[in-house]
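Only one structure is covered here, and it is reproduced in the block below.
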Amino acid sequence: MPQPDTGEQFDTHEGTLERYDPQTIEPRWQSYWQEHGTYQVDNDDPRPRAYVLSMYPYPSGAAHMGHVRNYTFGDLLTRYRTMQGEAVLSPMGFDSFGLPAENAAIRTGRHPRGFTDERIEELRSSITRIGGVYDWRREVRSHDPAYIHWTQWIFLRLFAAGLAYRGHATVNWDPVDQTVLANEQVLADGTAERSGAVVEQRDLEQWFLRITDYAEQLLDDLDGLEWPERVVIQQRNWIGRSEGVEFEMAIVDADGSHRSDLPDGTAVRVFTTRVDTSFGMTFCVLAPEHPLVARIVAEEYAEQVEAFVARARHTSEVDRLAVEGELSTRGCPTGAWALNPFTGRAVPIYLADYVLGSYGTGAVMAVPGEDQRDWDFADAFGLEIIETVQRPDGFEGQAYTGDGPHVNSPAATEEQDATCNLNGLGVAEAKRVATDHLVAHGLGESVVNYRLRDWLVSRQRFWGCPIPILYCDSCGVVPVPLDELPVLAPDDVEFTPTGQSPLQSHEGFLNATCPECGGPARRETDTLDTFVDSSWYFLRFCDPWSSAAPFRREAVESWMPVDQYIGGAEHAVLHLMYARFMTKALSDLGVTTPDLREPFKRLFTQGMIRLDGTKMSKSKGNLVAPEEIIDTLGADTLRLGHLSVKPPEEDVDWEAVGLEGCSRFLNRVWRLALPASTEWNRHAGPADDSLTRATHRLIADVTAAFDRWSYHVAIARCMAFVNDLQREARSDTGVSQESFDHAVDTLLLLLAPTAPHIAAELWERRHRGEHIHELAWPEADPTLLVEAMTTLVVQVDGKVRDRLDVPADADEATCTAAALASDKVVALLGGTEPARVIARPPKVVNIVTGAAS
RNA sequence: GCCCGGGUGGCGGAAUGGCAGACGCGGCGGACUCAAAAUCCGCUGUCCGCAAGGGCGUGUGGGUUCGACUCCCACCCCGGGCACCA
């Protein structure tokens, strides 16, 4: 039994209790955890392993509230699971390449490294002051030469495997940040996710990673992840799997005969998901950039088509997406015809800007009867509409996309009937028959298309990982030899206001020797998207000391996959998709193990912090500075504020965070737990049964709430417990010393993950130097969770009319008898017999009178 | 348009078919104090009532059930995602 410690560790002046002062206790414990390596884990740790990871931050200087929220969840989980006996890998690092530092360099002329290093130190200090505990020995920074080395090594492995390639494509150009962007970095409205600039389209030669090779796996493996459904759906949407059929349509004359000006077999390939509606195809549409356009266009339309194609090319993606435009101006006839293989009839070929050259085959068959967009186009150009699916009764729309029996297919001739008759079939069955028909006649085949495009990774920026590639006049594209890595950007660079990367004009960097022929070569000046850095950092954390490889395979095997990943939902598609791709690719390349297919087993996405409805993030600055709150109320109060305000996955308005209540609560805990406190009426008598039971109930409730991430409920339970305990310990009867101490100690253990500093301080004072975070999480005694008496709710016709105390093990007869004996029930029944009595002992008895019905 | 969330006091929210509103904020009243702060005690969904007590109440309308914030159907509103992807 711990005795109240009135020793030398602190002073109590006569009658004055030492005040709770987070300013003195918080730094003390932060140093303690760091110096004692409380949260350092080694790769040969014998305890069961857990990997808890918060997304590593871009170093933007002092932490903002979003960081606080993010890292509080990760930190409490690390502490909680450690108390549960696990070796928790809890690393931290910095995503330290990126444009803010480069833009600052352009503004000030100062090298981004110094700027970045300073901000890393500021952020590290902030994170420490929140009480976040990490194994800092494992820190990684994207801009460290060692990290650059292995990022480049990975890139070269991907290159050797054909997963990194240089290709020509129409790409997104950000005129403000002066670089190309990946599709994922462009918002739906055509603006850049980072800079907000309207993105332009440019045809450029760029570096890509072949993420599309993994489209199917990226989709299928989503099923095995314990991720928020919302994020899984976003990834599914982004991958955009679409099953359909591709088939060829011969280019013919209007009467269906061979076109003598074209070589035999000239055909356009179309992709459709509705091959069952092919009999309703009345025209066909090509993307303006379709390679066949110039060859098939009829002479009398040549000028018109040329103008249309030129306009489409110069129209930005934004405008092309502006649906409001007149449909008739968005399409253009070509005068060419294609043969519908189902009907044997020729249909006119049109161009339309809404058909994308980069999706499917860049050409579609148009079935206005069953596709609204085709209907609109047919309407605008006066084209024929054939319905091929029977409309349900009362259908009033135009195109019909629902199910129903097929009609009008085939079109009348007996000859067609014999090969492919869809009439009467439902959509699914008709698709099967039509597909079989095409395949049997060698006209087409089933295909799966994805919306996902390859990941564009080159950036025309200085402050990123250089792409380790050389261009030699005689040997072409040559990878930098592995033993020459890392390729580092030079320090003697000048940043010009034009925004152009200084690498592009730095002779010392540009000129190199071709490792293959020994001749002169030019260095690649583009750097990698910073999402490449962050697509493997979680692997490096497993073994950041490795110098012969990015990490040792055994180390990764022993920690991966991440058990709990924590971060913002804004990365739902970007970072999380890239990291999944990289994990699969590295597994296939043998860099990791064959069974490591997914990096993050469980994902938690916490809500954003808003102030006056606006997002508080790195781009909007520190609208409320966490440091100011730490300086006044303390980090523990700030942590509790974040935890108690709302369910963690929801967005939070800063105004809703109740810091005062949390601060008051911690002050109460302080006075309750301070050994010298004389405020409480404690006696030496036997243990107080009801308090002991309440304490065990608290353990059970808080643990259950933790396990379902209901931290706001866990804290509410602790607050209620403190209120009750205070009331009892202030009463004339008081509480037993033994039960009181058990209650307070338990409370401190339960608060150790959420309010770590105050819990550590009070525990040390109560237990002469013991360290709470090295102790085990308390366990509730199940026998004490069973109450002797319980409240029986008595309902009459479903309405609560009385509450009775009954033994917890009361049987049905007892409960029913007690309920029927209740004065209120007797009065309500007024002597009549109840029609029915439903008893669910010992919780509820519902008495049904005949009167209600 | 499609897909996901969500709608409960003045506010944030709690309640996994069985006591709606735990806990916190705010508000009102009181104790302590010369006074204030801090702390403590009480009240605080709404309507009727002097009171005892009762009516109503979880976006709307139906349904299932002895019993619905909870399950089912339809709808309205808010937030987010996707959207010429053929």
Side-chain angles (χ1 to χ4, degrees), chain A residues 19 188 228-238 240-242 244-246 270-275 277 284-285 287 320-323 325 327 330 352-356 358-367 371-374 376-377 401 449-453 569 572-573 640-641 644-647 649-653 655-662 664-665 667-668 671 679 701 705 708 710 712-723 726-727 730 791-803 824 834-840 843-849 852-853:
Chain A
R19 225 168 36 86
E229 195 191 4
R230 183 170 32 102
V231 176
V232 170
I233 288 168
Q234 279 187 58
Q235 294 227 344
R236 267 200 200 110
N237 286 343
W238 189 260
R241 185 179 200 272
S242 166
V245 172
E246 279 184 18
V270 295
F271 172 70
T272 179
T273 56
R274 287 298 304 274
V275 67
T277 64
C284 155
V285 188
R320 247 170 101 158
L321 289 176
V323 189
L327 245 190
R330 303 187 59 198
D353 61 4
Y354 65 75
V355 174
L356 308 175
S358 51
Y359 183 79
T361 60
V364 300
M365 68 173 204
V367 184
D371 182 299
Q372 188 60 42
R373 187 193 42 206
D374 292 343
D376 294 339
F377 194 87
T401 55
N449 264 313
Y450 295 92
R451 199 181 86 109
L452 184 72
R453 310 292 162 75
V573 172
L640 284 192
S644 63
V645 61
K646 258 193 174 193
E649 67 276 11
E650 283 176 36
D651 288 351
V652 170
D653 284 317
E655 292 85 345
V657 175
L659 290 178
E660 295 84 355
C662 295
R664 276 203 272 267
F665 168 66
N667 272 289
R668 264 179 229 152
R671 288 197 306 276
E679 199 177 340
D701 288 356
R708 53 175 221 268
S710 291
H712 59 313
V713 178
I715 290 163
R717 288 288 293 111
C718 290
M719 287 176 168
F721 182 77
V722 165
N723 292 347
Q726 271 193 336
R727 194 173 300 113
R730 248 196 288 265
T791 302
L792 175 73
V793 172
V794 181
Q795 300 177 335
V796 175
D797 291 329
K799 292 192 176 176
V800 178
R801 295 300 179 178
D802 205 358
R803 298 181 174 104
K824 303 215 171 122
R836 200 176 158 191
V837 178
I838 293 104
R840 290 286 177 276
K843 299 180 85 171
V844 67
V845 172
N846 188 12
I847 296 158
V848 185
T849 67
S853 54

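Both backbone and side-chain heavy atoms feed into the values below; hydrogens, waters and symmetry mates do not. None of the values given here were measured: they were computed from a predicted structure.
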Could you tell me whether [X] contacts a base, only the sugar-phosphate backbone, or nothing, with contacts defined as non-hydrogen atoms closer than 4.0 Å?
| X | result |
| --- | --- |
| A/S644 | nothing |
| A/R730 | sugar-phosphate |
| A/Q372 | nothing |
| A/R668 | sugar-phosphate |
| A/N667 | nothing |

Looking at [options], which one has an atom nearest to any side-chain atom of [X]?
| X | options | value |
| --- | --- | --- |
| A/H712 | B/C66, B/G13, B/C4 | B/G13 |
| A/R671 | B/C56, B/C40, B/G24 | B/C40 |
| A/V713 | B/G12, B/A86, B/A14 | B/A14 |
| A/N846 | B/G18, B/C19, B/A86 | B/G18 |
| A/R801 | B/G55, B/C23, B/G18 | B/G55 |
| A/R708 | B/U16, B/G12, B/C41 | B/U16 |
| A/R803 | B/G12, B/C19, B/A86 | B/C19 |
| A/E229 | B/C4, B/A86, B/C66 | B/C4 |
| A/M719 | B/C23, B/A83, B/A14 | B/C23 |
| A/R664 | B/C40, B/G26, B/C82 | B/G26 |

Could you give the [atom1]-to-[atom2] distance, from [X] to [N], as a whole number of Å?
| X | N | atom1 | atom2 | answer |
| --- | --- | --- | --- | --- |
| A/D701 | B/U16 | CG | C1' | 14 Å |
| A/E650 | B/G7 | CD | P | 8 Å |
| A/D651 | B/G80 | CG | C1' | 9 Å |

With a 4.0 Å cutoff (strictly under), does any side-chain N or O of [X] reach OP1 or OP2 of [N]?
| X | N | value |
| --- | --- | --- |
| A/R230 | B/C3 | no |
| A/Q726 | B/C40 | yes |
| A/R836 | B/C66 | yes |

Base-pairing assignment for [N] (Watson-Crick or G-U wobble, both under 3.5 Å):
| N | value |
| --- | --- |
| B/C34 | none |
| B/C28 | B/G42 |
| B/U64 | none |

Open item on the list: Assess, by modelled atom type and distance only, whether the side chains of A/N449 and A/S242 contain a donor and an acceptor separated by less than 3.5 Å.
Closed with: no
Open item on the list: What I want to check is whether the side chains of A/R668 and A/N723 have a donor and an acceptor closer together than 3.5 Å.
Closed with: yes
Open item on the list: Does B/G9 count as syn, meaning its glycosidic angle lies within 90° of 0, or as anti?
Closed with: syn
Open item on the list: If the threshold is 4.0 Å, N to carboxylate O, is there a salt bridge linking A/R373 and A/D371?
Closed with: yes
TODO: For A/V844 and A/Q795, run side-chain contact (heavy atoms from CB on, under 4.5 Å): C-alpha distance rounded to whole Å, both residues' side-chain angles, the deciding distance at 0.1 Å, then the answer.
DONE: CA-CA 7 Å; A/V844 67; A/Q795 300 177 335; 3.8 Å; yes
